[in-house]
Each structure stands twice: as C-alpha cells, then as structure tokens.
2 protein chains.
Amino acid sequence: MKHERADAARNRTKVLTAAAELFAVKDPRAVTMDDIAKAAGVGRGTLYRRYPDVASIAVALLDEHETALQRDLMSGPPPLGPGAPPAERLAAFYAAMADLLETHGNLALATELGGRRFEIGAYGFWRAHVLSLLREAAIPTPEALADTLLAPLAPEVFKFQRAQGLTLANIKSALSRLAMVVENRPG
Amino acid sequence: MKHERADAARNRTKVLTAAAELFAVKDPRAVTMDDIAKAAGVGRGTLYRRYPDVASIAVALLDEHETALQRDLMSGPPPLGPGAPPAERLAAFYAAMADLLETHGNLALATELGGRRFEIGAYGFWRAHVLSLLREAAIPTPEALADTLLAPLAPEVFKFQRAQGLTLANIKSALSRLAMVVENRPG
DNA sequence: CGATAAATGGACATCGTGTCCGTTTATTTG
DNA sequence: CAAATAAACGGACACGATGTCCATTTATCG
C-alpha cells in the first residue's frame, strides 16, 4: 500500500494527543468534535475525514491498551491465559478489566457515546472470551450468561461505584465473588 | 393544595399518551421533545413547563409499573416479598425485573437518556433492596456487589440480549444462576 | 361579568453535527 | 528543479435539537 502523506500523519498524531488530553481533563461525554478540532489546531473537515465521531477517536486511543490485555488472555501465562480453571481465569479477567477501567475509565466512557457499547469490536472479543470459559465449565446455555457477566464491567457502572466511594479493591472483590458462578456446585 | 387547572390536566394526559405512543413505535433514543410536542398537539413551551427532558417523561410513564413491583418487594408474598431466603428473593426479583423489561423495555431505555441511569430514583430503590438482601445473607462489604448484581438489568443489556436471539427464559435462567452468588458456600 | 393569575405556544438564540467544495500542500514525474 | 497530479485541508453551510422568553389566551374566582 501507498505511504501516508506526511501532513496527514502529522495531523493524525496532533488529533490523537489533543483528544487524549481533552478526555483526561473534562467529562468525556461533553467532548465534541469541534473541541477536538480546535484543540488539535485542525479544521472540522480534516477531523471527519478520519473519524466519523468522537467515540471512534476514543476507540483508537483505547485500542492499544485493550489489545495488550487481549493478547494476554489468549496466550499469556495463567490464570489470565490458558491453563487455569475457568473460574480462576474469569476472576483474573475481571481483575484485569477493573485495572483497565481504573486507569483508562474516561477513555472507556468516551468509547461508548451514543450507546454504542455492544457495537464496538472489543465487546465482541470479551464476550467470546467469557463464552469460551463458560463452555469449558460446561455451563448450560451460556450465551445469556456471557452478557450478564460482562454487564458489571460497563464503564458507567465502574465510574459510579468509584464515585460512591468504593475502592478498586472493593470492586475487584465483588467481581471475584461473581466469578464463582462458573463453578459447578451441588444443586 | 390548589386544584390543577382543567386545561393543564388535559394537556398533561395528552402529552403522556402521545409520548407513550412514540416510545412504543420508534427507537426511544430518537424521540425528541419536539416530536412529543407535535404528537401531543402542544407547544414546546408547554412541554418544558412540566418536563425538563425526554427522560423525565419516560420516568413518569414507567413509574406506575415500577411502584407496583416495589410494593411487592416490600410487602408482597414470598419469594418476592419478605419471608424467603435471600438467594430466592434475589432470583425472584431478577425474574420480575426481566418481565418488566420485556414489557416496558423501550420505556426503560428512554428513561436513561443521557446516561442518567444512576441518577434516577428507581435505581436507588433497587440498590437498597439488593443491599438489604446481601446484608441478610451476611455477605462481607456488600456495597460493591449490589451495583455489580444490578448491572445486568440495564435496559441496554436486556435489549441487546433479546436482539441476539436470546429468549426471555434464557435471560431469566442466566440471572437466576447469578442469584446464587448470595449463597454462602465452602471457601 | 370582569379581574387575576396561570397556562400556552411559537419565535429566538445557541450549539453540535455532518457535508461539500474551493484552496493548499505533498509527492511524483519528466 | 519545475510542472503535474492527487491527496489532504479547513471553514462555510444547512440542518436538527435544545432550552428560554414573553406576548397572548384561557380558566377560575369573587
């Protein structure tokens, strides 16, 4: 494929760094395409050329952190990666996601503007991962449970919990209790 | 207190029925104050006089259904009301909420426009209920778990699951498995 | 039947969106 | 190095929704 033009590349990074700054400083849901264009010193048209909306810019920024976790899930050491029992892997996944939300919560929030939560590629990945854990644990009809178990990881939920005064440890603890549902036990 | 003026009362019902119609027909997130005013045959100013935004109209509509459930939770027969063990009460609550979402999902969706999920009074009620069940079950530091257990009841989650082809029964089944986390078991 | 206060409705100013297109700039080619 | 070409740029524009404001209408009371 052809090389990206120099000015294009320069503007891309200007946009991304400016957007990251904005997301970090103010409420991500209040960040507008106009804001980003202004902050990046770029025209509106230039911005829209690459990104159709604010959420997709946030996705681009968050992506790098998410793919790191995704790699660990697929081929990292246990309990995150393969090798540990499903319940432990789920708990480890929860803990890792909580850390991700703690560090990049604002970004994650911006990612879902307009209720796009389920349309984003990452959600499909997390869902597939949880689903495979449920299958490995021989849970019957795991499809519904996968979404159910993913719901508490919604950025809004995490943000709300933190705003309530709950600590990261509190939340992780609640999530690890949740992870116990994949254990088969006497009915 | 003074009586509500006749025309005011008439317009109130015109607004509410028109809004209910709109929410039922089209995507609730696309319903605008303008739409409702037009459909109700009422001016914008009249609408804003009573309701500050679309979400609050949806709240008014949903309220009646929610309060019925809230009454049953507090003083209805078990397992929904007091008397049954916490795990069963939670499962019953989940089932009732799933039914509510199945019937009034669009309304619930409209209720949370602008990410207001946690600011709405109803959420506080559900949270208090779950919290009391967790306390009764002697779960340590139950605060974080309450929000975690409530997260799968987000209207968007339910809607997504249904859109995926999952049945109401599938979802209820997943939720009742979730309810098992309140059972104390050998660690 | 006024008088009074409440209720109404639409015009207005503002803001964000997404598109369109004339202009500028990087890159390629001779 | 200079002209040619294609890509990228940026701001103007039209649109849609919001929330407010206030002149006018309407219900209610004495």
Side-chain angles (χ1 to χ4, degrees), chain A residues 1-19 21-23 25-61 106 109-116 119-120, chain B residues 1-19 21-23 25-61 106 109-116 119-120:
Chain A
M1 74 187 211
K2 275 286 178 54
H3 294 59
E4 179 181 42
R5 242 174 70 167
D7 50 353
R10 184 161 8 101
N11 279 336
R12 163 187 272 96
T13 66
K14 277 203 297 182
V15 163
L16 289 178
T17 60
E21 172 71 11
L22 284 181
F23 287 140
V25 167
K26 57 190 295 197
D27 178 13
R29 286 179 294 202
V31 173
T32 165
M33 287 294 263
D34 231 29
D35 293 338
I36 299 175
K38 291 273 203 308
V42 159
R44 299 169 61 63
T46 303
L47 195 50
Y48 276 103
R49 159 175 289 267
R50 268 189 266 285
Y51 306 103
D53 48 40
V54 179
S56 69
I57 299 177
V59 168
L61 286 168
N106 274 16
L109 223 39
T111 270
E112 316 195 343
L113 291 174
R116 310 211 163 284
E119 300 168 19
I120 296 174
Chain B
M1 71 185 207
K2 272 290 177 54
H3 293 59
E4 181 180 42
R5 244 175 68 167
D7 51 353
R10 184 160 7 101
N11 279 336
R12 167 196 268 49
T13 66
K14 278 204 297 182
V15 163
L16 288 179
T17 61
E21 173 71 11
L22 284 180
F23 287 139
V25 167
K26 56 190 296 196
D27 178 13
R29 285 177 294 200
V31 173
T32 164
M33 287 295 263
D34 229 29
D35 292 338
I36 298 175
K38 289 273 203 308
V42 157
R44 298 169 63 62
T46 304
L47 196 51
Y48 275 103
R49 160 174 289 267
R50 270 187 264 287
Y51 304 103
D53 49 40
V54 179
S56 68
I57 299 177
V59 168
L61 286 168
N106 274 16
L109 223 39
T111 268
E112 315 194 342
L113 293 173
R116 309 209 164 287
E119 299 168 19
I120 296 174

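Proteins get letters first, then strands, A, B, ... in listed order; numbering begins at 1 in each. Since we're looking at a predicted model, the values are computed, not measured. Excluded from the calculations below are hydrogen atoms, water molecules and symmetry mates; all remaining heavy atoms, backbone and side chain alike, are included.
C/dG16 atom C1' lies 13 Å from atom CG of A/Leu113, rounded to whole Å. Going from atom CG of A/Asp53 over to atom C1' of C/dG18 covers 11 Å, rounded to whole Å. Rounded to whole Å, atom C1' of D/dA6 lies 12 Å from atom CG of A/Asp7.
Residues from residues 33-49 of chain A that place a heavy atom under 4.0 Å from any atom of DNA chain D, listed by number: A/Val42, A/Gly43, A/Arg44, A/Gly45, A/Thr46, A/Arg49.
Other residues, nucleotides and ligands contribute at most 12 non-hydrogen atoms within 6.0 Å of the NZ atom of B/Lys38.
Applying the salt bridge (charged side-chain N to carboxylate O under 4.0 Å, His left out) definition to pairs two or more places apart or across chains, those involving residues 41-50 of chain A are A/Asp34-A/Arg44.
Legend: residues meeting side chain to side chain donor-acceptor pair (under 3.5 Å) with A/Arg5, ordered by chain and number and at least two apart, are A/Asp7. Applying the side-chain contact (heavy atoms from CB on, under 4.5 Å) rule to A/Ala110 yields the partners A/Phe23, A/Pro28, A/Ala58; only residues at least two apart in sequence or on another chain are considered. Legend: residues meeting side chain to side chain donor-acceptor pair (under 3.5 Å) with B/Glu21, ordered by chain and number and at least two apart, are absent. Evaluation of the side chain to side chain donor-acceptor pair (under 3.5 Å) rule for A/Arg10 yields no partner, not counting sequence neighbours.
In this structure, B/Asn11 reaches the sugar-phosphate backbone alone: every heavy-atom distance under 4.0 Å involves primed, P, OP1 or OP2 atoms, never a base. A/Arg50 comes within 4.0 angstrom of sugar-phosphate atoms only, judged by non-hydrogen atoms across all strands, and of no base.
Between the side chain of A/Arg5 and the base of D/dA8, no donor-acceptor pair under 3.5 Å is found.
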